[in-house]
Enquirer: 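Before we start, here is the structure in question, set down as structure tokens.
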Amino acid sequence: MPELPEVETIRRDLQRGILNKIIKRVHIFDSRILRQPAKEISQKLSGCAIEAVVRRGKALALELSSGEHWIVQVMMTGQLILNGPRGRHTRLALDFTDGDCLLYNDQRVFGQLRVVADFQDVPYFRILGPEPFDDAFNDAYIAAYLKKTKRPIKNVLLDPGFVAGIGNIYASEILFQCRISPKRRGHRIKLSEAALLHQHTNAVLKQAIAMRGSSMRNYLDGAGKKGKFNQRLKVYARAGKPCAHCGSPIERIVQAGRSTFYCMKCQI
DNA sequence: AGGTCGACCTGGCAGC
DNA sequence: TGCTGCCAGGTCGACC
């Protein structure tokens, strides 16, 4: 999916674009993305106004005037686009009373949509760790968490229970900025390095949000446009290309079934 | 109990 | 051209 910076960009676009609009009609083209019966979702959305758009980790919650939350997890290939052209990957569309239309597109159909009264009804929220920009995500928390695990640090960064919102792209980028090898085990991370992880997690994510995210293949923002942070990526998807720091080739390895990119010389 | 591995899907691309 | 295999930003349940 889009990771935190991409989802945050979509959130900001929607917050500007659909606030206070009233849902007139719901069109469901593919119910595989729904975690509730189509009829129930339609009924719960129809007639509601969108009162706020909030983000938690990589999930969006659209606050409805009924008091319920429309939870959208876009996963790898989901897109929420206002007034875009309908395509063969459009799985759902909302007509607003003012004539605007919100599309949910999803090539791989991994996305999950549901309307809930309580955030705890969403499995993802039940296990979710602190937001990277929250006070709860601090040097002491990071150090204490890492101390009790032997998993490679890359896998820990990807774990939503440790911190919300970091995915495969930013995990590699953050570790490069910290000069820490993705293979280093959690309990081998020093206190000073926990502080570095904290600092660079915030810095990398903030910069990516400022550039409206990274578009590798499928990600588009709420207006259907690509993000610009790809140009700033130092290691992700750069196997064989020179390290920006020392010039030696960037390596690609596989950890927990996912690609990791890093510089063997700079990251120890 | 901590940690890893498929499954869930579609489509683009490289190689033959 | 057309086939095969690999790869892709996430999450979750099954299994070791």
Side-chain angles (χ1 to χ4, degrees), chain A residues 1-11 29-35 55-60 71-80 87-92 104-114 119-129 132 145-175 182-187 204-205 208-209 211-221 225-233 235-240 252-261:
Chain A
M1 138 162 77
E3 306 180 29
L4 187 150
E6 292 77 32
V7 178
E8 177 61 19
T9 301
I10 297 170
R11 187 197 70 77
F29 307 114
D30 191 332
S31 54
R32 287 177 296 176
I33 54 166
L34 307 178
R35 288 300 172 271
R55 179 192 58 73
R56 179 82 174 89
K58 299 171 195 165
L60 287 168
I71 308 297
V72 180
Q73 289 176 266
V74 297
M75 300 291 198
M76 308 259 257
T77 54
Q79 306 166 339
L80 276 170
R88 63 177 168 144
H89 297 136
T90 301
R91 313 293 177 185
L92 178 143
Y104 179 75
N105 298 334
D106 194 340
Q107 180 205 101
R108 291 170 72 182
V109 214
F110 281 170
Q112 300 191 8
L113 273 54
R114 43 168 62 86
F119 272 33
Q120 293 303 306
D121 294 339
V122 183
Y124 177 67
F125 289 144
R126 287 202 288 264
I127 55 97
L128 204 55
Y145 192 103
L146 295 179
K147 207 171 160 185
K148 59 185 168 65
T149 182
K150 293 184 176 173
R151 298 154 75 196
I153 181 64
K154 158 72 171 359
N155 297 4
V156 180
L157 283 177
L158 276 185
D159 183 347
F162 168 63
V163 61
I166 296 177
N168 213 30
I169 297 177
Y170 298 107
S172 282
E173 293 300 312
I174 289 163
L175 288 171
K183 294 195 246 184
R184 191 108 67 83
R185 292 173 181 277
H187 67 127
V204 167
L205 296 178
I209 292 170
M211 302 200 54
R212 302 183 61 76
S214 310
S215 289
M216 299 309 294
R217 292 165 185 236
N218 297 289
Y219 163 71
L220 296 177
D221 64 25
K225 293 187 179 152
K226 295 185 172 212
K228 293 193 170 67
F229 193 71
N230 330 27
Q231 305 156 10
R232 302 286 190 91
L233 296 175
V235 288
Y236 185 81
R238 291 180 48 80
R252 173 186 181 269
I253 58 171
V254 174
Q255 294 180 287
R258 326 267 325 259
S259 292
T260 300
F261 300 88

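The structure presented is a predicted model; accordingly, all values stated were derived computationally and were not measured. Naming: A, B, ... by sequence-line order, numbering from 1 per chain.
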Enquirer: Of all the nucleotides listed (B:dG3, B:dC9, C:dC12), which has the minimum atom distance to the side chain of A:I127?
Expert: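 Comparing B:dG3, B:dC9, C:dC12 against the side chain of A:I127, the answer is C:dC12.
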Enquirer: Within less than 4.0 Å of OP1 or OP2 of B:dG11, is there a side-chain N or O belonging to A:R88?
Expert: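 The answer is yes; a side-chain N or O of A:R88 sits under 4.0 Å from OP1 or OP2.
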Enquirer: Give one of base, sugar-phosphate or nothing for A:R126, where a contact means two heavy atoms less than 4.0 Å apart.
Expert: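 Nothing, no nucleic acid heavy atom in range.
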Enquirer: Report the distance from atom CD of A:Q255 to atom C1' of C:dA8, rounded to the nearest whole Å.
Expert: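 From A:Q255 CD to C:dA8 C1': 17 Å.
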Enquirer: Considering only the P atoms, how many Å lie between B:dG11 and C:dT11, rounded to the nearest integer?
Expert: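 Their P atoms lie roughly 22 Å apart.
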Enquirer: Return the CD1 to CZ distance between A:I33 and A:R91, rounded to the nearest 0.5 Å.
Expert: 8.0 Å
Enquirer: Side-chain donor-acceptor pair under 3.5 Å between A:R252 and A:S259, yes or no?
Expert: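 Yes - a donor-acceptor pair under 3.5 Å links their side chains.
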Enquirer: Between A:P123 and A:Q107, name the one whose nearest nucleotide on DNA chain C is closer to the 5' end.
Expert: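 Whichever sits nearer the 5' end wins; that is A:Q107.
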Enquirer: Which nucleotide in the set B:dG3, B:dT4, B:dC8 lies at the smallest distance from any side-chain heavy atom of A:K150?
Expert: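 Per side-chain heavy atoms of A:K150, the pick is B:dG3.
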Enquirer: Whether the side chain of A:Q255 engages the backbone of A:N155 through a donor-acceptor N/O pair (distance < 3.5 Å, no angle test) should be reported.
Expert: no
Enquirer: Strictly below 4.0 Å: does A:R258 bring a side-chain N or O up to OP1 or OP2 of C:dG10?
Expert: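 Yes.
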Enquirer: How long is the line joining CG of A:D106 and C1' of B:dT10, in whole Å?
Expert: 10 Å
Enquirer: Using the six-membered base ring of C:dT11, report whether A:Y124 stacks on it, requiring centroids under 5.5 Å and planes under 30° apart.
Expert: no
Enquirer: If we call it a pair only when both distances are under 3.5 Å in a Watson-Crick or G-U wobble match, what pairs with B:dC9?
Expert: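 Across all strands, not a single nucleotide pairs with B:dC9.
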Enquirer: So what does A:R185 touch, heavy atoms closer than 4.0 Å: a base, only the sugar-phosphate, or nothing?
Expert: nothing
Enquirer: Please classify the nucleic acid contact of A:S259 as base, sugar-phosphate, or nothing, using heavy-atom distances under 4.0 Å.
Expert: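 Result for A:S259 = sugar-phosphate.
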Enquirer: Describe, in one word, how the ring planes of A:F261 and A:Y236 are oriented to each other, choosing from parallel (under 30°), tilted (30 to 60°) and perpendicular (over 60°).
Expert: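 Geometry flag for A:Y236 against A:F261: perpendicular rings.
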Enquirer: May I ask you to establish whether A:K147 and A:Y145 are in a cation-pi arrangement, using a distance under 6.0 Å from NZ or CZ to the six-membered ring centre and at most 45° from the ring axis?
Expert: no
Enquirer: According to the Watson-Crick and G-U wobble definitions, with both distances under 3.5 Å, which nucleotide is paired to C:dG2?
Expert: B:dC16
Enquirer: Hey, does the side chain of A:H89 come within less than 4.0 Å of B:dG11's phosphate (OP1/OP2), counting only N and O?
Expert: yes
Enquirer: OP1 or OP2 of C:dG10 sitting under 4.0 Å from any side-chain N/O of A:R108?
Expert: no
Enquirer: Starting at NZ of A:K154 and ending at P of B:dG3, how long is that distance when rounded to a whole Å?
Expert: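 After rounding, the gap between these two atoms is 16 Å.
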Enquirer: Classify the nucleic acid contact of A:Y236 as base, sugar-phosphate or nothing, counting any heavy atom under 4.0 Å across all strands shown.
Expert: sugar-phosphate
Enquirer: A:R91 CZ to B:dG11 C1': how many Å, rounded?
Expert: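 In whole Å, B:dG11 C1' and A:R91 CZ are 11 Å from each other.
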Enquirer: Please determine if A:R114 and A:D121 form a salt bridge, counting it only when a charged side-chain N lies under 4.0 Å from a carboxylate O.
Expert: no
Enquirer: Does the side chain of A:T149 get closer than 4.0 angstrom to OP1 or OP2 of B:dG2 through an N or O atom?
Expert: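 No, because none of the side-chain N or O atoms of A:T149 sits under 4.0 Å from OP1 or OP2 of B:dG2.
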Enquirer: Without decimals, in angstroms, what is the distance between A:L146 CG and B:dG3 C1'?
Expert: 15 Å
Enquirer: Between A:K58 and C:dT11, does any side-chain N or O lie under 4.0 Å from OP1 or OP2?
Expert: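 Yes.
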